[in-house]
Amino acid sequence: MIAFLSALALASFQPVALPATVPQDGSGEKNRPRRSWTISADKIYTADGNVVENGFVRVEDGKIRAIGKGAGDAELHVAAITPGLVEAASQISLGPGSVEQDREVTPEFGAEEGIDLFSTDWTRQLKDGVTTTVAIPDDYNVVGGQPVVIKTGGGEPTFEDRVVGTGTLLRGCFGQSPSYNNSPFSGRPFGIFNRRPTTRMGVEWEIRDAFYKAVRSRRDASFTYPGADVLLRVLDGDLPIMIHASASLDIRTAMLFKEEFAIPHLVIEGAAEAMHEPEMLVRCGASVVLPPFSFSGNTGTDGAYMPWNTAEKLRELGVTFALSGTGSSDPDQALALQPAHAMRGGLPFDAALEAVTIVPARMLGVDDRVGSIATGKDADLLLWSGKPFEYTSRIVGVLVSGELAVDPRIGQEL
């Protein structure tokens, strides 16, 4: 019931008592959204280990230009400011249209062609505090391609205005998704599902075969195939690979895969049962993205179960992890609620904040622009009515690239 009320507060909030008017920036461009502000707060949580009390953030032309103590001639005042949330595992895409399904391993494809920039999903995430997300191809293929890191708002709905990073990681999947509904050829094939893999073992074989051929292509050009160069970048450490694996057997497969090919940077996404193999997890050095918490513990993915204290256990082991809402439309799975759930399981506030801001930004390779409040970074900010992630607090304002997408003065989208 408490989580439901908190989710409701995130989705629809009332205005706070702030000035009714704000001076214009003098640009003279009436149709251009304003991108320069000075906002003060009782506390500013920068997500880099620092807290500024009774301070201000000055935003100029969409960038953070100054952070300091005092009011700083603020035009807006709120209880707290944090960085905008960074979603590390969202599948906002065109579904099957986001994946090239003529073969199982398509590392050369980008997710740009499978995104609808006019989808209402962007607005929903933005109002829930997510300012940067990753558009991941659906997991119909063993290797689906390269996700796109993108803003949920700010500027025009074009890739030029919204994209933060492309080609920053590769997407793969273990578990049942790539083999779901597939069947081996029998007689005359009549559709894309008459193919392998049809089992978890087949999924593993597909990705191992692709990587072995890529390795061999260094010595024998006849083994080169489309996308082999992308897999070589993964092996060389130039490109992280994010593999979806929820159940313990799939997480173990992913870790063994990392060790077999000496892959430098592996992110296991959806890793609900990561704590089933703690020693191996520490040994292999993989990072983890957790799925949304649920009251029953069941995540709905491959039957995986995730206790409330999973995030805290990972922190105690020294495993790098991020929290995720997966872009779900379920209000109880909103990313802004996941830190509160993790804190209920024992995770400290600072670690919870980092797990939805700077840590996922680093995983996605865009921490130079987003993920913390620092001079020169994009002005992606959340304005809170109280201490962030408390059940009695709510998001009252959202800035993305300096634009006030959710206005604390009126509680509505501008």
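By convention here, the first residue in the shown sequence is residue 1. Given the structure is predicted, the values throughout are model-derived calculations rather than measurements.
Environment of NZ in K377: crowded, with over 12 heavy atoms of neighbouring residues, nucleotides or ligands closer than 6.0 Å. Applying the 6.0 Å contact sphere to NZ of K43 captures no more than 12 heavy atoms from other residues, nucleotides or ligands. Within 6.0 Å of atom CG in D73, 12 or fewer heavy atoms from other residues, nucleotides or ligands are found, so the atom counts as exposed in its surroundings.
Taking the six-membered ring where the residue is Trp, F293 and H341 present perpendicular rings, their angle passing 60° and hence far from 30°.
Put simply, the side chain of W384 reaches to within 4.5 Å of the side chain of I395, judged on heavy atoms. You'll find the side chain of L383 reaches within 4.5 Å of the side chain of I39, heavy atoms only.
Going from atom CD1 of I81 over to atom CG of L76 covers 9.0 Å, rounded to the nearest 0.5 Å. Taken to the nearest 0.5 Å, the CG atom of D367 stands 5.0 Å off from the CD1 atom of I358. Of the inter-residue distances, the one linking R315 atom CZ with F321 atom CZ reads 7.5 Å to the nearest 0.5 angstrom. The distance from the NZ atom of K127 to the OG1 atom of T152 is 12.0 Å, given to the nearest 0.5 Å. Separating the CG atom in N141 from the OG atom in S177 is a distance of 11.5 Å, to the nearest 0.5 Å. The CD atom of Q338 sits 10.5 Å away from the CZ atom of F389 when rounded to the nearest 0.5 Å.
Within the cation-pi definition used here (under 6.0 Å to the ring centroid, within 45° of the axis), K387 qualifies as a partner of F349. Remark: R34 is positioned above the aromatic ring of W37, its terminal NZ or CZ atom under 6.0 angstrom from the ring centre and at most 45 degrees off the axis.
Between the side chains of H244 and D250, not a single donor N or O lies within less than 3.5 Å of an accepting N or O. With no hydrogens or angles considered, a side-chain donor-acceptor pair links E87 and S324 at under 3.5 Å. If you check the side chains of Q333 and S328, you find a donor sitting under 3.5 Å from an acceptor. E112 and T166 share no side-chain donor-acceptor pair at under 3.5 Å. No side-chain donor-acceptor contact under 3.5 Å links E354 and Y45.
Using a 4.0 Å cut-off between charged nitrogen and carboxylate oxygen, K151 and D161 do not count as a salt-bridge pair. A salt bridge links D236 with R218: the distance from a Lys NZ or Arg NE/NH1/NH2 to an Asp or Glu carboxylate oxygen falls below 4.0 Å. Between K213 and D209, at least one side-chain N (NZ, or NE/NH1/NH2) sits under 4.0 Å from a carboxylate O, which counts as a salt bridge. The pair K69-E53 fails the salt-bridge criterion, with no side-chain N (NZ, NE, NH1 or NH2) lying under 4.0 Å from an Asp/Glu carboxylate O. Under 4.0 Å is where a charged nitrogen must lie from a carboxylate oxygen, and between R162 and E156 no such pair does. Salt-bridge annotation for R200 and E206: absent, with no side-chain N of the basic residue lying under 4.0 Å from a carboxylate O of the acidic one. In this structure, E259 pairs ionically with R283, as a charged nitrogen and a carboxylate oxygen lie closer than 4.0 Å.
Looking at every heavy atom in both residues, A47 comes nearest to P83 through CB-CG, 3.7 Å. Closest non-hydrogen pair, M255 versus C284, comes out as CG-SG, 3.6 Å.
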Self-check item: ring pair (Phe, Tyr, Trp, His ring centres under 6.0 Å) evaluation trace for F257 with F211
Solution: CA-CA 10 Å; F257 167 73; F211 270 86; 5.1 Å; yes
Quiz item: Where do L314 and L290 land on the side-chain contact (heavy atoms from CB on, under 4.5 Å) test, with the steps shown first?
Solution: CA-CA 10 Å; L314 291 173; L290 295 177; 3.9 Å; yes
Quiz prompt | CA sep, side-chain torsions, deciding dist, call: V164, I150, side-chain contact (heavy atoms from CB on, under 4.5 Å) | solution = CA-CA 5 Å; V164 183; I150 192 168; 5.8 Å; no
